[in-house]
Every structure is written in C-alpha cells, then in structure tokens.
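Worksheet for the structure shown next.
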Amino acid sequence: MLLQDIIRDCGSTGVEGRTDRSISSICCDSRKAVPSSLFIAVKGKASDGHRYIASAIRGGAVAIMYEDRDALCSELAKFSPENDLQAKSGTVPAVDSLTLIRVGSSRHAMAIAARNFYGDPSSELTLVGVTGTNGKTTTATLLYNMYMDRGIECGLLSTIANYVGKEMTETLNTTSDPITINALLRKMVDGGCRYCFMEVSSIGLEQERVSGLHFKVAIFTNLTHDHLDYHGTFAEYLRCKKLLFDNLGKDSFALVNMDDRNGQVMVQNCAATVVTYSLRSLADHTCRVIEESVDGMQLRIDGKEVWTTLIGQHNAYNLLSIYCTAILLGMEQQQALVGLSKLQSARGRLETIHGKKELSVVIDYAHTPDALENVLKALRGTAPRSPLVCLFGCGGDRDRSKRPEMAAVSEKYSDIIVVTSDNSRSEKTEDIMEDIRGGFTPRGEARTLFISDRKQAIRTAILTAPRGATILLAGKGHETYQIIDGEKKHFDEREIVQEVFDSMDPQQ
C-alpha cells in the first residue's frame with residue numbers, strides 16, 4: 001500500500017520526503033521493522049518509542065511517524081558526526097530516502113494508520129465491544145460461543161485468547177495494540193467471519209487502541225473499583241470507559257446496565273440508539289432469577305423462562321446482556337433463549353473441579369472487591385450449608401487501596417480465608433499481604449492463614465478444608481503463569497489442584 005494512503009486522516013502536521021512509496025508493513029516495535037516498513041514512534045508510560053527510531057531504520061524502516069521532533073533529531077544523529085551537529089542546531093538531519101511524518105498524537109495516528117493499512121476491516125463485519133469492570137470476558141466469550149455453536153463464523157478478542165474462527169492465538173493485554181487488532185480483524189474478514197466480539201478496557205480506550213473502529217454494539221456491564229493505580233481517580237476511570245460510547249455512530253447501539261448507577265452517565269450525549277437492561281428496575285429488557293442451585297439458574301427473561309448452567313446474580317446480568325445483544329443483531333427471541341441454555345462458563349470463570357472428601361474447588365479470575373463479592377455470594381447462595389474457603393491475593397504494582405477491601409469482602413462471606421500471593425511483580429509478597437491484613441477485623445484475622453507461596457497455600461486450603469467444603473481460588477482464573485520478583489513462571493492452578501487430589505488418601 002502507498003504511504004500516502006496509510007497516513008490519510010492521521011493528523012499529520014508536516015511531511016518530509018516521498019509519500020508515493022510502497023509500504024510493506026507497519027509497526028510500533030522497532031524489532032519488527034523490516035525493509036520498506038513504516039515505524040510509528042509512540043510515547044508510553046514505561047518507554048518512549050522515539051528512542052528506537054534509529055533501531056527501526058537499521059531494521060529497514062523507510063518511513064517514520066513521530067510527534068517529538070527533538071527526539072527524532074537525536075535518533076537520526078546516530079548515523080553520522082555531521083548529523084550530530086545538525087541535531088544540536090534543532091534542524092532535522094538528512095537521511096537518504098527516509099520519509100518523516102510528524103503528527104500531533106502518535107497513539108491516535110497509529111490507530112488510524114493501522115485501520116487504513118488493513119483496509120478498514122471493522123466496517124466489513126459486525127463488531128461488538130464489551131466494557132465495564134467485571135463481566136467483559138464472560139460476555140464476549142459466551143457471545144462468541146453462542147454464535148459459533150450456530151455455525152456462524154466469528155472472531156473473539158479477549159483477555160483469555162484471540163480467536164479467528166476456531167484458530168486461537170495468545171493475547172498479552174485485554175485490549176491489544178491497534179496494529180494487532182486491525183490485523184486480526186482483517187484475518188477474520190478474509191476468513192469469512194461475520195461477527196467479532198471484543199473486550200474493551202479502560203486503558204485500551206485511554207490509549208486509543210480502538211480509535212477508528214466501527215462498533216455496531218457497545219455493551220456496558222458495570223463500573224466498580226479497579227485500575228486506579230493507572231487512572232488515578234474513579235472519575236478518570238469512568239471518563240475513559242465512556243469514550244467507547246462517546247465515539248459511537250448513529251447506526252450503532254449502546255446497551256447499558258441500568259442497575260449500575262453509572263449506566264446513564266455512559267450514554268450522556270451518545271449518538272447511538274440506547275437500549276437498557278436490568279434485573280431490578282424498568283428497562284427495555286428485564287430478567288429475574290426464579291430459582292438457583294449448585295447446578296444452575298432458572299431465569300425469566302422478557303417474560304420467557306430459560307435454564308442455564310451458570311450461577312450467580314452477576315452471571316444473570318451477563319446472560320441478559322448476551323440475550324439483548326443477540327436480539328439487537330437480529331436473532332429471534334426463541335433462538336436467543338435456546339442459545340443461552342447451551343452456554344457453559346468461560347475458562348477461569350467459576351470453573352469447578354470436584355475431588356475427594358466431597359470437595360469442590362472453584363477457580364475464578366475475581367481480582368476486585370466487587371468481583372470477589374459476586375463470586376462468594378454466588379457460591380454461598382448455591383450451597384448455604386457447606387463450609388466456604390476463600391483463597392486470594394492481590395497484584396503487585398497495582399492499586400493498593402483495594403487490598404484491605406478484598407480482605408473485608410472475604411471475611412464477610414467466607415468461613416476460612418487463606419491470603420497468599422497473586423502476581424506480586426516487583427513488590428514483596430509479604431508487603432502486599434500486610435496491606436490485605438489491614439482490612440480484617442480481629443475475628444476475621446483469627447480465621448485467616450497467611451501463606452506467601454501460592455502453591456503451598458492451595459495445597460493447605462484443600463488438605464485442611466472440612467468435608468464437603470467449597471474452596472474458591474480467586475485472582476488467577478484463566479492465567480497459567482505467576483509473576484514474582486519480575487519473573488514470569490508457569491503456574492496453572494488446575495494442575496496444582498489435580499496434584500493435590502491425586503496425593504490424597506483414596507479412602508478420603
């Protein structure tokens with residue numbers, strides 16, 4: 001594709017060099033620069049892409065998109081002593097055959113350039129975005145599963161994995177960078193996918209990873225305490241979530257949970273058609289939990305009853321949003337209800353392993369106070385007489401204020417508590433556990449074990465649990481790794497649980 005077509009609408013404030021040249025690829029990682037590529041220098045919180053311009057040129061990049069002129073000059077100065085003198089004078093040194101594109105925002109420009117390079121793929125399929133603190137993964141994944149089960153080719157962009165039809169690729173972030181997103185969307189279109197269901201994070205929105213995409217439906221699940229280490233304040237967190245709805249077009253739908261007090265805020269000044277859902281109040285679509293057991297729930301949705309194997313009020317909300325989305329996308333009501341009845345939990349979301357001593361181990365990604373409360377309430381509601389053990393930790397280098405809140409929630413709903421590590425990253429696990437300890441009352445702390453090694457904590461929780469207990473392992477969910485002291489190591493809770501059950505006395 002010609003460079004002039006790639007940089008169209010990117011907000012260029014100046015171009016030096018040819019734009020009629022052919023570009024083979026675009027990248028924001030200098031290690032991925034190849035001959036005839038466009039390198040986009042993006043300023044991040046941890047590193048600045050402008051520092052790798054010279055590396056990208058050595059890799060073969062023939063065009064550079066940038067926003068910091070001084071940084072550009074400094075990098076180009078690395079190619080000759082003469083250029084060093086020019087850099088000090090503040091002028092851009094000449095580098096043979098290079099095209100330089102200056103933009104106001106590299107992040108925004110990258111999103112638009114990626115859209116242009118891959119031929120605006122989001123306009124060629126039906127894109128559904130899901131945002132909110134909790135429920136994104138379950139909602140997006142189960143929508144994908146429901147449509148795939150009906151023989152309709154779909155894509156999924158999620159925390160757990162990315163799928164193009166049945167082909168899976170791993171993902172590093174809830175919302176990938178815009179180059180990766182548009183490349184996957186193009187692959188979906190070329191592979192015959194009609195729909196794509198996508199998790200959209202607040203950080204992804206703030207960093208413009210989804211700018212330029214055409215969302216047919218945007219779903220708001222809820223908004224609670226999370227990511228304040230990044231956003232600073234709850235108001236800023238909300239503002240970033242709202243960006244998804246602010247950028248919807250008139251031909252789109254904004255589907256919002258009206259039982260969350262931020263639901264109405266999300267759609268203020270929204271151009272899209274607003275559709276509401278609720279379990280507690282008047283809305284366009286409503287749901288009531290008629291019956292609930294350890295095996296599932298009987299729901300009444302828009303006056304029709306359906307049985308689902310999922311449990312918990314939070315999943316009632318997720319299922320209702322899935323039903324509403326299907327209706328908005330043209331599915332008949334009966335087909336949507338039948339689809340709901342076939343759905344199974346997403347990986348790492350209330351994933352249950354049964355073992356000896358009539359124990360049930362539940363693996364869930366809950367890592368916020370609200371998510372932990374939802375899961376514990378669901379487990380307590382389905383087995384009110386069974387002992388409930390809660391094992392959890394908190395991530396390092398993240399919002400510290402939610403740590404004591406997690407303790408308070410676990411104390412309220414659990415009989416036995418085990419505090420351990422999560423992804424401690426660069427923090428000391430013991431320091432994180434002390435922050436958590438501050439949220440317990442003396443009575444709560446008296447029934448809490450503090451075991452920093454998560455594998456040993458899981459083993460202890462299972463081996464010491466009363467017969468018939470339910471043991472919640474919260475925080476890791478689908479993850480198969482743990483980050484301790486900055487080192488990422490394999491850690492799959494399913495394997496550990498099975499090892500412990502296998503080691504137990506067969507007579508137990």
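- Contact check for Phe501 versus Val497: side-chain heavy atoms found under the 4.5 Å cut-off.
- Within the 3.5 Å criterion, the main-chain N or O of Met504 finds a donor-acceptor partner in the side chain of Lys356.
- The line from CD1 of Ile26 to CD1 of Ile40 is 5.0 Å long, rounded to the nearest 0.5 Å.
- Applying the side chain to side chain contact (heavy atoms under 4.5 Å, CB included) test to Asp453 and every residue at least two apart in sequence or in another chain returns Lys455, Gln456.
- Using a 3.5 Å distance cut-off with no hydrogens or angles, the side chains of Asn257 and Thr221 do not pair a donor with an acceptor.
- Using modelled atom types and a 3.5 Å distance limit, the side chains of Asn134 and Asp370 yield a donor-acceptor pair.
- Judged by a 6.0 Å distance limit and a 45° cone about the ring axis, Lys488 is positioned over the six-membered ring of Tyr481.
- There is a side-chain donor-acceptor pair under 3.5 Å between Lys241 and Thr131.
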Take Glu411 and Arg443 through the salt bridge (Lys or Arg N to Asp or Glu O under 4.0 Å) test and state the conclusion after the steps. CA-CA 9 Å; Glu411 179 179 337; Arg443 293 183 64 183; over 6 Å; no
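- Qualifying side chain to side chain contact (heavy atoms under 4.5 Å, CB included) partners for Gln333, counting only residues two or more places apart in sequence or in other chains: Asp302, Lys304, Tyr323, Ile327, Leu337.
- Here the shortest heavy-atom pairing between Ser386 and Asp415 reads O-OD2, 4.0 Å.
- Asn423 and Glu479 share a side-chain donor-acceptor pair at under 3.5 Å.
- Inspection of the Glu351 and Ser345 side chains reveals no N or O donor paired with an N or O acceptor under 3.5 Å.
- With hydrogens and angles disregarded, a donor-acceptor distance shorter than 3.5 Å links the side chain of Ser414 to the backbone of Ser410.
- Checked by atom type, the side-chain pair Glu292/Thr382 shows no donor-acceptor distance below 3.5 Å.
- Thr429 and Ser424 share a side-chain donor-acceptor pair at under 3.5 Å.
- A donor-acceptor contact under 3.5 angstrom links the side chains of Thr180 and Asp177, judged on distance only.
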Please test Thr126 against Leu329 for side chain to side chain contact (heavy atoms under 4.5 Å, CB included), starting from the C-alpha separation and ending with a verdict. CA-CA 9 Å; Thr126 298; Leu329 297 180; 3.6 Å; yes
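- Between Asp435 and Arg403 there is a salt bridge, with a side-chain nitrogen of the basic residue lying less than 4.0 Å from a carboxylate oxygen of the acidic one.
- Side-chain N or O atoms of Thr286 include none that pairs as donor or acceptor with a backbone N or O of Leu279 at under 3.5 Å.
- Note on Asp492 versus Arg347: salt bridge recorded, some NZ/NE/NH1/NH2 to OD/OE distance being below 4.0 Å.
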Yes or no on side chain to side chain contact (heavy atoms under 4.5 Å, CB included) for Ile417 and Leu449, after CA distance, side-chain angles and deciding distance? CA-CA 6 Å; Ile417 306 159; Leu449 297 174; over 6 Å; no
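- No more than 12 heavy atoms of other residues, nucleotides or ligands sit less than 6.0 Å from atom CZ of Arg300.
- With sequence neighbours excluded, the residues forming a ring-ring contact (aromatic ring centres under 6.0 Å, His included) with His478 are Tyr365, listed by chain and number.
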Output, in order, the C-alpha distance, side-chain angles, deciding distance and verdict of side chain to side chain contact (heavy atoms under 4.5 Å, CB included) for Thr133 and Tyr237. CA-CA 10 Å; Thr133 304; Tyr237 179 41; 2.8 Å; yes
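- For the atom pair CD (Glu373) and CE (Met406), the distance works out to 11.5 Å, reported to the nearest 0.5 Å.
- A salt bridge is absent between Glu405 and Lys402: the closest approach of a Lys/Arg side-chain nitrogen to an acidic carboxylate oxygen does not fall below 4.0 angstrom.
- Of all heavy-atom pairs between Glu427 and Asp397, the closest is OE2-N, 2.7 Å.
- In this structure a side-chain-to-backbone donor-acceptor pair under 3.5 Å is missing from Thr276 to Ala283.
- Judged as a ring-ring contact (aromatic ring centres under 6.0 Å, His included), and not counting sequence neighbours, the contacts of Tyr144 are Tyr163.
- Salt-bridge annotation for Glu153 and Lys166: absent, with no side-chain N of the basic residue lying under 4.0 Å from a carboxylate O of the acidic one.
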Using the side chain to side chain contact (heavy atoms under 4.5 Å, CB included) rule, take Leu376 and Arg380 through it: C-alpha gap first, then chi angles, then the decisive distance, then the call. CA-CA 6 Å; Leu376 288 171; Arg380 180 63 80 190; 6.0 Å; no
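- Side-chain atoms of Glu495 and His490 form a donor-acceptor pair, as typed in the model, at a separation below 3.5 Å.
- Inter-residue side-chain proximity for Met168 and Leu156 is flagged as unmet; no heavy-atom pair is nearer than 4.5 Å.
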What's the verdict on salt bridge (Lys or Arg N to Asp or Glu O under 4.0 Å) for Glu493 and Arg454, showing C-alpha distance, side-chain angles and the deciding distance? CA-CA 9 Å; Glu493 292 188 326; Arg454 192 174 180 102; 2.6 Å; yes
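- With Lys136 contributing its side chain and Gly132 its backbone, the two residues share a donor-acceptor pair below 3.5 Å.
- Using a 4.5 Å heavy-atom threshold, the side chains of Asp422 and Cys394 count as separate.
- Glu199 and Ser158 get closest at one heavy-atom pair: OE2-CB, 3.1 Å.
- Atoms NZ and CD1, from Lys489 and Ile483 in turn, are 12.5 Å apart once rounded to the nearest 0.5 Å.
- Here the closest heavy-atom approach between residue Arg186 and residue Tyr118 is recorded as NE-O, 2.9 Å.
- Across all non-hydrogen atoms, the minimal contact from Ile432 to Gly395 is CD1-C, 4.3 Å.
- In this structure, Arg115 has no salt bridge (charged side-chain N to carboxylate O under 4.0 Å, His left out) partners at least two apart in sequence or on a different chain.
- Across Ile458 and Ile496, no two heavy atoms sit closer than the pair CG2-CG2, 3.9 Å.
- When the shell of 6.0 Å around CZ of Arg194 is examined, it contains 12 or fewer heavy atoms from other residues, nucleotides or ligands.
- Rounding to the nearest 0.5 Å gives a distance of 7.0 Å between NZ of Lys32 and SG of Cys28.
- Residues Val419 and Phe440 meet the side-chain proximity criterion, which asks for heavy atoms closer than 4.5 Å.
- For the pair Leu472 and Val362, the minimum side-chain heavy-atom distance is below 4.5 Å.
- Contact of the Ile219 side chain with the Thr139 side chain is registered, since non-hydrogen atoms from C-beta on lie closer than 4.5 Å.
- Atom SG in Cys287 sits 4.5 Å away from atom CG in Leu299 (nearest 0.5 Å).
- Using modelled atom types and a 3.5 Å distance limit, the side chains of Asp259 and Ser281 yield a donor-acceptor pair.
- Side-chain contact between Val210 and Met198: present, with at least one pair of heavy atoms (C-beta onward) separated by less than 4.5 Å.
- Using a 4.5 Å heavy-atom cutoff, the side chains of Ile436 and Pro404 are not in contact.
- Here the CG atom belonging to Leu213 is positioned 11.0 Å from the CD atom belonging to Glu208, to the nearest 0.5 angstrom.
- A search for ring-ring contact (aromatic ring centres under 6.0 Å, His included) contacts involving Tyr195 returns Tyr147, not counting sequence neighbours.
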